[in-house]
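Every chain is numbered from 1 and lettered A, B, ... according to where its sequence line falls, protein lines coming before strand lines. Hydrogens, waters and symmetry mates play no part in the numbers below; they use all other heavy atoms, side chains included.
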Amino acid sequence: MSSTATVGDLVSQPYKYGFVTDIETEKIPKGLSEDVVRLISSMKEEPAFLLNFRLRAYRQWLQMQEPDWAALGYPPIDYQDIVYYAAPKQKQQKASLDEVDPKLLETFDKLGIPLSEQKRLSNVAVDAVFDSVSIATTFREKLAEHGVIFCSISEAVKEHPELVERYLGTVVPSNDNYFAALNSAVFSDGSFVYIPKGVDCPMELSTYFRINSGDTGQFERTLIIAEEASSVSYLEGCTAPMFDTNQLHAAVVELVALEDASIKYSTVQNWYAGDENGVGGIYNFVTKRGHCRGDRSRISWTQVETGSAITWKYPSCVLQGADSVGEFYSVALTNNRQQADTGTKMVHVGPRTRSTIVSKGISAGHSVNSYRGLVQIGPKAIGARNYSQCDSMLIGDQAGANTYPYIRSQQPQASVEHEASTCRISADQLFYLQSRGIGFEEAVSMMVSGFCRDVFNQLPMEFAAEADKLLALKLEGSVG
Amino acid sequence: MIRPDAPVLLEIRDLQAAVDDQPILKGVNLTIRAGEIHAVMGRNGSGKSTLSKVLAGHPAYAVTGGSVLYRGENLLELDPEQRARIGLFLGFQYPVEIPGVSNLEFLRVATNARRAERGEEELDTFAFEDLVRERLAVVQMDPAFLERSVNEGFSGGEKKRNEILQMALLEPVVAILDETDSGLDIDALRIVAGGVNQLASPDNATLLITHYQRLLDLITPDHVHVMAAGRILRSGGKELALELERSGYDWVDQELARLGADAERQPAEVA
């Protein structure tokens with residue numbers, strides 16, 4: 001790339017996870033109806049409580065309207081043109097990884113998530129989800145020694161139905177919003193984590209989501225429960241092949257933290273974002289919410305959002321327990337024609353609850369990047385405190401950044417602070433770095449990672465460097 | 001130090017450059033040999049800052065004619081980063097603030113880029129810390145500045161000292177210092193000038209771009225050039241700077257008027 005070109009020209013960067021795995025897939029026909037909901041439930045041999053949960057959600061969904069308040073533009077989604085369940089064909093019961101189709105193992109190898117014994121990451125347990133089903137979960141036995149349950153939610157339904165029934169839908173009710181209702185009706189797989197009382201989970205837990213089919217929606221459902229005085233750090237990663245059609249991803253994640261428990265949830269989202277003209281890419285409509293149920297509990301969301309054609313996502317915390325803490329650290333990068341409307345909700349219910357929001361939006365190309373956040377202080381949240389910082393960085397002169405902070409306080413003895421800033425990578429800054437021998441691309445990436453440092457510092461160490469690299473890769477060719 | 005047999009480091013021939021199609025440099029000639037200190041003086045708008053930016057490769061300036069050889073190599077076809085790596089340094093008149101990028105990390109990446117070009121091994125964080133602490137002494141800089149973002153919130157004097165620190169780390173062959181004296185109080189000026197003097201050697205050269213004699217009281221130039229209307233109008237020894245200090249730039253206008261008249265007459269003569 002010539003360094004003398006002006007800031008703002010755009011070149012698209014090839015997406016290295018865009019391959020399709022050629023594997024026989026068992027799919028149900030396209031379309032959504034009560035029969036489809038029943039079919040999914042029966043294929044998964046679910047207990048009655050779950051079928052009823054799904055049917056209730058489906059009926060609610062029929063009554064609801066797709067939200068239109070986000071700063072996003074996309075053609076109407078045809079919900080009858082989507083396959084709601086797709087699974088790679090393989091033996092029903094897998095006694096060990098050896099029985100998993102080698103093509104699937106190879107796929108995850110290629111994605112940098114080796115699952116086999118020899119190659120897997122030594123300090124991270126991984127649950128690998130391919131289209132609608134979980135392929136494998138590593139380190140289950142080791143975790144079980146500590147009483148930690150880490151498995152796919154489908155397995156949890158079979159093996160720990162009482163826990164699932166007790167917590168499912170208690171943080172994100174099935175009628176919470178349009179996409180949450182849809183997910184509740186048709187959700188396929190996702191992860192289930194249970195950390196018993198007093199246990200600090202001995203390793204990082206991670207789920208890797210892969211969409212493979214071109215016409216399949218992915219409706220993941222994740223439920224994490226941290227009992228009293230326990231703690232866990234969880235990371236999810238996502239990729240998808242390149243198709244010129246859009247795939248719908250509507251996930252629901254629920255976190256429950258009881259007294260003195262702490263959950264750290266990190267996301268590195270790298271779904272296919274579409275090409276430079278905005279053709280193809282994932283529509284990512286996600287509801288993530290954590291409930292600080294117990295006193296002094298803590299939930300921390302860290303997200304690095306680099307993919308998807310459309311991102312609609314607001315990881316939130318309901319701070320009910322006294323002195324509970326909610327945190328949200330976010331980097332959202334958009335390039336080309338990507339659109340992101342993302343932020344958080346911090347709902348302060350209990351006294352002396354505290355929340356911190358640090359959001360960094362980077363917009364390049366013709367993309368639009370919006371922060372939308374709500375800080376709500378209820379009447380009983382005496383002494384509640386919030387600090388929000390929303391910074392936007394613009395690259396080139398065609399990108400847009402918006403900030404929509406909503407603050408509602410019903411408590412005079414609460415303090416809410418909001419800071420916002422916008423900056424642009426200027427030609428003079430780039431020239432200054434270049435004139436010290438620093439290459440053009442490296443100069444941009446230094447400035448971007450400097451901008452994101454507050455957030456990257458929050459990521460688990462293994463992934464912080466990864467996120468830095470990912471951002472540099474995504475921006476390669478976006479300035480120049 | 002003038003040695004007629006010293007190798008030529010920078011050879012500028014009839015250099016012409018424009019910004020937004022507006023010609024600024026209209027045929028600059030300058031030869032710089034190893035061991036020499038040159039000063040280019042002139043009023044605002046004479047083109048002296050443009051000269052420094054064109055040499056460093058600023059993308060806003062288009063070279064429209066002439067040539068620049070750096071140790072015999074065509075400088076103008078190189079990217080700015082490559083020019084820096086092979087030993088050209090521009091000390092900025094207005095050093096740019098880069099929030100979020102740590103000064104220490106910036107200095108390390110820049111130093112390693114230069115070292116790689118010279119075939120030297122990359123310095124890790126620890127080795128570099130040792131080096132940078134040693135070089136801080138050149139400009140009497142507080143190590144606390146290393147922990148801050150590049151130039152962010154630095155005073156004018158601190159920014160200029162940071163420039164000279166970069167020069168001390170990059171060990172350039174040709175250093176161009178664009179109005180390094182502007183905005184400095186006398187103490188800061190002494191420190192900056194002292195740094196430049198310490199770094200000058202028989203193997204490198206310095207090109208000072210300045211309005212004022214006061215910098216040249218502290219750094220003695222071997223050659224002084226007066227620039228006006230995009231050309232070097234007159235060259236001389238250090239006395240030329242003193243003469244300018246005494247008599248000002250009025251003679252420049254007369255000289256320009258005469259040249260302008262020449263230029264008008266020329267076509268007729270050719271015809």
Contact leader toward chain B among A:Cys423, A:Gly437, A:Gly450, where contacts are heavy-atom pairs under 4.5 Å: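 So the answer, after comparing A:Cys423, A:Gly437, A:Gly450, is A:Gly437.
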Closest-packed option against chain B by number of heavy-atom pairs under 4.5 Å, given A:Arg453, A:Met447, A:Met446: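 Most heavy-atom pairs within the cutoff with chain B belong to A:Met446.
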Answer yes or no: is there an ion pair linking [X] with [Y], defined by an N-O contact shorter than 4.0 Å?
X: B:Arg115; Y: B:Glu120; answer: yes
X: B:Arg118; Y: B:Glu171; answer: yes
X: A:Glu417; Y: A:Arg385; answer: no

Side chain from CB out, backbone as N, CA, C, O: work out which of these in [X] comes under 4.5 Å of a heavy atom of chain A, or both, or neither.
X: B:Tyr94; result: neither
X: B:Glu117; result: neither
X: B:Leu170; result: side chain
X: B:Pro95; result: both
X: B:Asn112; result: neither

Exam field: side chain A:Gln429 to backbone A:Ser426, donor-acceptor pair closer than 3.5 Å: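 Pair found, side chain donor or acceptor close to backbone of A:Ser426.
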Parallel, tilted or perpendicular: rings of B:His58 and A:Phe431 (30°, 60°):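 Plane angle between 30° and 60°, so tilted.
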Plane angle bin for B:His225 and B:His38 - parallel if under 30°, tilted between 30 and 60°, otherwise perpendicular: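 It falls in the parallel class, under 30°.
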